[in-house]
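Contents: one structure, followed by commentary.
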Amino acid sequence: MANYDKLAKDEINEIMMAALGVLITKGDIPAIPLPPFNVEIPSEVSHGDFSTNLAMVSGKAFKAAGARFNPRDFAAKLCAAAELSGTMFTHCEVAGPGFINFFLAPKWYAAVVNTVLTDKEAYGRSNFGGGEKVMIEFVSANPTGPMHMGNARGGALGDCLAAAMDMAGFDVSREFYINDAGNQIEKFGLSLAVRYLQIYRGEDAVPLPEDAYQGEDIKDRAKEFADIHGDSLVNADENELRRQLIDFALPKNIEKLKSDLELYRIYYDVWFRESTLHEDGEVSAVIDTLKAKGMTYEKDGALWYKNAEVLGKKLLSQGKTPDEMESLGLKDDVLIRANGNPTYFAADIAYHYNKFVKRGFKRCINVWGADHHGHVARIKGAMDALGLDGNKLDIVLMQLVRLLRDGEPYRMSKRSGKAITLSSLTDEVPVDAARFFFNLSSPASTLDFDLDLAAKTTSDNPVYYVQYAHARICSIIKKLAGDGVTPRTCTEDELCLLTLPEELSIIRLLAGYPDMLIEVAKNYDPARMTHYAIELATAFHKFYNSCRVTDENEALMQARLNLCLAVKTTVCSVLSLLKVSAPEAM
RNA sequence: GCGCCCGUAGCUCAGGGGAUAGAGCACUCGCCUCCUAAGCGAGGGGUCGCGCGUUCAAUUCGCGCCGGGCGUGCCA
């Protein structure tokens, strides 16, 4: 659980507070409250290991108190008053416009390496989440057809986010919501029925409606059904035919979703069926609750939810004027259609109520395609309307995927059913590469997925760059083992032999691993993991080129071997969170 | 119209109040008698879309434009 970056930052905070106390006691500075200050890691190594802006942010407070102020002078006073003996720092200095830069003692670096080796695969784990019960719902692809590239991105994103949040101390549950009820299932039945009848009556006799599912997969399922039942249902009641087709095809589609996702190394804790919400009366219960709260009304034969009122109140409390709200064009939403069927929205409210109330999740995260963003405010608002807290429902909006082949955009048309499916993607691109690629950009950026690049097994492909670092370490270990050298525990003094810039920059990265995972959890951005993996691999490759492990000095050799093992541990850890393999040889 | 996301090197993208803005690809030139050259080093390449504001400090925050994507259903 050790986090050396945090320890260092906390210590600088204490050192600075103590220094302020000294200056106040001596009467050098007035005893006035100062604003919060940052301790950060400078991007430039010559600026030290940690840096604080305390002197610069204090200007306003001093001037307000009528004191003369110069940030560099104040920084110099703080530096002089800073007591560093017994801390993890050797010295500090004033730099630039008034930064105070701190320099770490060698024993800090030694402790980091030692901690990684002691904690092993647990290194990086923290208690940031405090064991909070969190659900991450992702992919939730429509079971009426195959998954597409957007689902693939959502899968890689949600799964890796879940893994990182687990490391950051959350109690994470992965869930797939199966939309096995409602309009699209009706449409599914209709489409299947048409395809089935076409087999026996010809395509011209039974035309496929415009709004039906056009994909080949529907034909395939109809064919499979026909192979079993023959033409025995051609003259059956239309509704009976559809029902039988749905009962036949839906489980097959769900199984296909499962197996495709498993190929993709994604396993869920729960596959939740929308239909259970209807069968158990949870949808009508939640509608009744909204009714009882006066949040509904009837119009044109349908039951409406007062979405505009809920969102309007929220915006008013945020300081919007009624005129501004007018221009937003807030609209109400239908819960029960005039035909008596509840909408998807109604089921979704019941579903999220179920997550929070029935199953007790403290926080729910949904990974959605950006094309669903219009749904975000109203579902969160609906939670508020039910007396829950919409802020506990976080939606990660993921921008769409643009496929490139031969450098040209590869058009995906859902209507014609010519989307690239997840299973055809796994045929073409190794899973390691695909998972890595999908997590290379943050969710908010549209992603260009270059099919040719991802399929390449050359250095162009960043996933191999990282895996290669791991393979090289394994190779070193193997070589040394052949020479009769086995890794042993090093003393602090021995680890302090690691002093070269190439060695120290690796250790800085190792120390930052726990915080990186916390940032992923905070920002819902697993792309930081691939970036980190690339950075660590880069640092290692540089080390590899400038330092040899097989050194004549036994102590230094062991220290470097320890460093290699620490890198191996951390690379394996981040790759395992990404569910990318770490080959021992390439 | 309104809402959300994006605009940083030729291309794909990081960074996210701080000190000289980064990486990969592509281009040029070096480095294997030595733990894997799927690697490393050096070089060129930028008004961080434009303008105004907040701040000691803005590529980063706010507002307004411009450009691109996506929404704006009794679809999901």
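Letters go in sequence order (proteins before strands), and every chain restarts at 1.
- Partners of A/Glu554 by side chain to side chain donor-acceptor pair (under 3.5 Å), not counting sequence neighbours, listed by chain and number: A/Arg488.
- Put simply, A/Arg337 has a side-chain N or O that comes within less than 4.0 Å of OP1 or OP2 on B/C75.
- Taking A/Thr550 as the reference, A/Arg548 meet the side chain to side chain donor-acceptor pair (under 3.5 Å) condition, with sequence neighbours excluded.
- For the pair A/Asn142 and B/A76, the criterion of a side-chain N or O lying under 4.0 Å from OP1 or OP2 is not met.
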For residues 55-67 of chain A, which side-chain N or O atoms pair as donor and acceptor with protein atoms under 3.5 Å away, sequence neighbours left out?
{"unit_1": "A/Ser58", "atom_1": "OG", "unit_2": "A/Leu54", "atom_2": "O", "d": "2.7"}

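- Applying the side-chain contact (heavy atoms from CB on, under 4.5 Å) criterion to A/Pro443, with sequence neighbours excluded, gives A/Leu157, A/Val396, A/Asp525.
- Listed by residue number, the members of residues 553-562 of chain A with any heavy atom below 4.0 angstrom from RNA chain B form an empty set.
- Taking for each of A/Ser46 and A/Glu274 the nucleotide of RNA chain B with the nearest heavy atom, the 5'-most of the two is the partner of A/Ser46.
- In this structure, A/Ser51 and A/Cys474 both approach RNA chain B, and ranking their closest nucleotides by distance from the 5' end singles out A/Ser51.
- At a threshold of 4.0 Å, the pair A/Lys355-A/Glu137 counts as salt-bridged, since one of the basic side-chain nitrogens sits closer than that to a carboxylate oxygen.
- Partners of A/Tyr177 according to the side chain to side chain donor-acceptor pair (under 3.5 Å) rule, which considers only residues two or more places apart in sequence or in another chain, do not exist here.
- Side-chain nitrogen and oxygen atoms of A/Lys299 include none within less than 4.0 Å of the OP1 or OP2 phosphate oxygen of B/C74.
- The glycosidic torsion of B/C29 lies more than 90° away from 0, placing the base in the anti range.
- Legend: residues meeting side chain to side chain donor-acceptor pair (under 3.5 Å) with A/His541, ordered by chain and number and at least two apart, are A/Arg472.
- Between B/C40 and A/Tyr465, a contact under 4.0 Å exists linking OP1 or OP2 to a side-chain N or O.
- Under 4.0 Å is where a charged nitrogen must lie from a carboxylate oxygen, and between A/Asp49 and A/Arg508 at least one such pair does.
- Here the side chain of A/Asn562 pairs a donor or acceptor atom with the backbone of A/Gln558 at under 3.5 angstrom.
- Under the stacking criterion of a centre-to-centre distance below 5.5 angstrom and an interplanar angle below 30°, A/Phe99 is not stacked against the six-membered ring of B/G18.
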Between side-chain atoms of residues 71-79 of chain A and protein atoms elsewhere (two or more places apart, or another chain), which donor-acceptor pairs fall under 3.5 Å?
{"unit_1": "A/Arg72", "atom_1": "NH1", "unit_2": "A/Gly96", "atom_2": "O", "d": "2.6"}

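- A sub-4.0 Å separation between OP1 or OP2 of B/G39 and a side-chain N or O of A/Tyr464 is absent.
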Dot-bracket notation for RNA chain B, counting Watson-Crick and G-U pairs under 3.5 Å, with | for partners on another strand: (((((((..((((....[...)))).(((((.......))))).....(((((..]....))))))))))))....
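- Between the side chain of A/Asn53 and the base of B/A19, no donor-acceptor pair of N or O atoms lies under 3.5 Å.
- Phosphate contact (OP1/OP2 of B/A76, side-chain N/O of A/Asn179, threshold under 4.0 Å): absent.
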Going 5' to 3' through nucleotides 10-17 of chain B and flagging B where a protein heavy-atom sits under 4.0 Å of the base, S where only the sugar-phosphate is that close, and - otherwise, we get --SSS-S-
Dump the intermediate steps for side chain to side chain contact (heavy atoms under 4.5 Å, CB included) on A/Gln184 and A/Asn179, then the final yes or no. CA-CA 8 Å; A/Gln184 81 282 1; A/Asn179 300 125; 3.2 Å; yes
Can you tabulate the close N/O pairs, meaning under 3.5 Å, that link protein atoms to atoms of nucleotides 41-43 of chain B?
{"unit_1": "B/G41", "atom_1": "OP1", "unit_2": "A/Lys542", "atom_2": "NZ", "d": "3.1"}

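- Ion pairing of A/Arg273 with A/Asp180 is present here, as a side-chain N (NZ or NE/NH1/NH2) and a carboxylate O approach within less than 4.0 Å.
- With sequence neighbours left out, A/Tyr305 forms a ring-ring contact (aromatic ring centres under 6.0 Å, His included) with A/Phe345.
- One can find a donor-acceptor pair under 3.5 Å joining the base of B/G39 and the side-chain atoms of A/Asn545.
- No side-chain donor from either of A/Asp432 and A/Tyr464 sits under 3.5 Å from a side-chain acceptor of the other.
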